[in-house]
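Note that the structure is predicted; figures quoted are calculated from it, not measured. Just follow the structure's listing: the first ligand is 1, and inside any ligand the first atom is 1.
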Amino acid sequence: MTQPTTPGELRYPSIFTPLKIGNITIRNRLMQTAHAKGFASAEGLTNDRDIHYQAERAKGGIGLIVTGARHVHPNSTGPNRSLARGNRDEMIERDAEMVKAVHAFGGRIIAQLIHFGPQGRSGALDDYRVLWGPSTMKSPAYNEWAKEMTKAEMDEVSDYFAETALKSKAAGFDGVELHYSHGYLHQQFLSFVYNKRTDEYGGSLDNIVRFPIETMQRVREAVGPDFVVGIRVSLDECTVDGMHADTAIQMTRKLVETGLIDYVSATAGTYAAHADQIPPGDYPENWLVDDGARLRAALREVSEIPVFIVGHIVDPAKAEALIASGATDMVAMTRTQIADPEFCNKLREGREDEINHCIRCNQACIARLMAGNAISCVVNPAAGREQRFGLHTVQPAQTPGNWLVVGGGPAGMKAALTLRERGHRVTLVEKGDRLGGMLNLAARLPRRQKFGFIPRDLERQLRKAGVEIRLNTAMSADEVVAFGADGVILATGSTPLKTAFTSTRPAVDRVPGTEQDNVLSVVEVLEDPSRVGKRVVLFDEDGGRYALGTAEYLLDRGHQVHVVSRFISLSPNLALTLDLPVNYQHVFRKGLTYTLNSWVRSIDGKQAQLLNLFTDLDGECLEADTFIIAAGHSPHDALYHALQGRVENLHCIGDARLPRPLQDTIYEGMLAGRELLDDPKRFIEQGELEGFGADWRSAMGAPAH
Ligand code: SF4
């Protein structure tokens, strides 16, 4: 780095020292690792959505971007058709645009190449393909069998890697990364758990690295000595019988000793430990850095190539310390980038108070992907929708006016901030003594403290932007009218339902007995846990952390808790956010008991009569001191109805409109702040973002060629 000048460069000198990898230089030590986004076209081609997504983050200052994994061979299939195919000839032109866009903003971009091997789906495309693996074995990903590859098939895969690397070079990428982790084809060869071969490709450390080294050799021969080739490796398979760091370090050292590669990017997990690949907020911060530091130290004995580490590193001071101490050469902060693509610029310019922190919820990134959708982000509704809502799309208000926002939950805060950013004068009133609404309660659940980032981040930004905030201010309809605003947004939240209504029994509006004093909502429990008796039965119509987190919150306080779930498994929605295993571990160790496929027929005093939802027969009769209902909310919209016809420019958002997941309500706050809430053009048409060939340069304000 030239002499540090900005506040961030002075505070984080190691982060802002450029790094040389092979023959390229990265402007800082922060990177975005490969991650699936679900953007690719049905043909598997890079499209405008990818280009805008990556360019946005380059514009925001990130040093290095690694693309999402791209297939190199026709027999590599993902879970569906949403991954790019790097081996297609048409990709060169499309990728060239993406590379130009990232370079235009000073970033570097490397293409990650993959063969999914056993982690694919035989029927993911329009035909059926036999999955390939090191050994004939069942895959932990989709429970399908993969067959042991022949030597000819292995050679074919290596050749496709080489061919795809060459195409990546032709597209202008700064390098390629070979995906040797997370249980995909090459990682399974590198694993004594999955590699059961008895030939020269299995059985010993020298043998298990043979096929990955052959692929590296073919790639290096194809691209020549001056093109960056890196590998991504798993430091730990994170399963009981799996490979741990000692073996992984020895194995990686053998790969590095070949002199064929320019960097190592370390990660962890396989599909048998999916949560370890993309850990939810339940994992401790910096959980992988000690093993990463050991890896780097071991590799230093044989090579000077840089080593990158990931693992819930979210604090820039920690990242700085890791780099300064030599524990790593670069720090990966991928979800941090999804949540705030300007993270690096804000850090460098001393605008840390403007950062939107990732809350590690996995709700809008991973869960959407797992459900077959494109990724987005709870705290950054523009993520994945950069053409519509990215950095360059905020338009000043045509007629700056005086706006009133009633309700200081996440939707109201987001709306107020967006209005202010567009030049309106904004007053935000909240009836409670703090902003944040239900998020303040959600942050009380075990390991959910990071949810508190949202109100803290937004409040700081609101105050900095000059929004007038009035706490402890409940407004009547007359007071809103008298305020005389040019526009009013109501974000008055919701009220928890205590009727024990379940969508599986829609004819029953209220379960008898739920009006008793010993029946509480989740909100009442979190507001005042002293109301809860020793023995608790919690009825779960939610299937997520709202219910299970409350159960654990009470277990932590010494209550006996039994969950009655209307689902066929306990908290099934946590499978999508990848926090199911870690939460099961916690609640089962703490003594949680549960009944599935059941609901409550009636409550009488301390007795609850259950019913089986499939047979309608009576189930157990449970005795408890307190019954808790986790069964949804109803809109708190009385003020909205009272103002109909009395205020012209009136809008209702968030839970007050309809109680929904957090990402929906923050998105709606953004729409309202942009004055698009009732615009027919607010809908993003299907396929609108995935076009080809739009002029990203002028749209994003890129510098001239
Ligand atoms: Fe982070 Fe949640 Fe956004 Fe994913 S959705 S990037 S975990 S804040």
Check: His182/Ser234 side-chain N/O donor and acceptor closer than 3.5 Å
no
Quick one about Asp95 and Thr46 (side-chain donor to acceptor, distance below 3.5 Å, no hydrogens or angles considered), yes or no?
yes
Which of the atoms of ligand 1 are close to Asn362, meaning less than 4.0 Å from one of its heavy atoms?
2 (Fe), 7 (S)
Please say which of Arg360, Gln585, Arg545 ends up in a side chain to side chain donor-acceptor pair (under 3.5 Å) with Asp282.
Arg545
Checking side chain to side chain donor-acceptor pair (under 3.5 Å) between Trp696 and each of His52, Glu97, Glu56, which is the one that passes?
Glu97
With heavy atoms only and a cut-off of under 4.0 Å, state how Gln663 meets ligand 1: side chain, backbone, both or neither.
neither
Quick check on contacts: which atoms of ligand 1 are under 4.0 angstrom from a heavy atom of Cys377?
3 (Fe), 5 (S), 6 (S), 8 (S)
N/O/S atom of Cys361 inside 2.8 Å of atom 2 (Fe) of ligand 1, strictly under
yes
I need the nearest protein heavy-atom contact for atom 8 (S) of ligand 1: residue, atom name and distance, please.
Ile359 N, 3.4 Å
Would Cys365 count as a contact for atom 4 (Fe) of ligand 1, in the sense that one of its N, O or S atoms lies under 2.8 Å from it?
yes
Show the atoms of ligand 1 that are less than 4.0 angstrom away from any heavy atom in Cys358.
1 (Fe), 7 (S), 8 (S)
Numbering the atoms of ligand 1 from 1, which are under 4.0 Å from a heavy atom of Val378?
3 (Fe), 5 (S)
Taking everything shown except Arg11 itself, do over 12 heavy atoms lie less than 6.0 Å from its CZ?
no
Any side-chain donor near an acceptor of the partner, Gln112 and Thr67, under 3.5 Å:
no
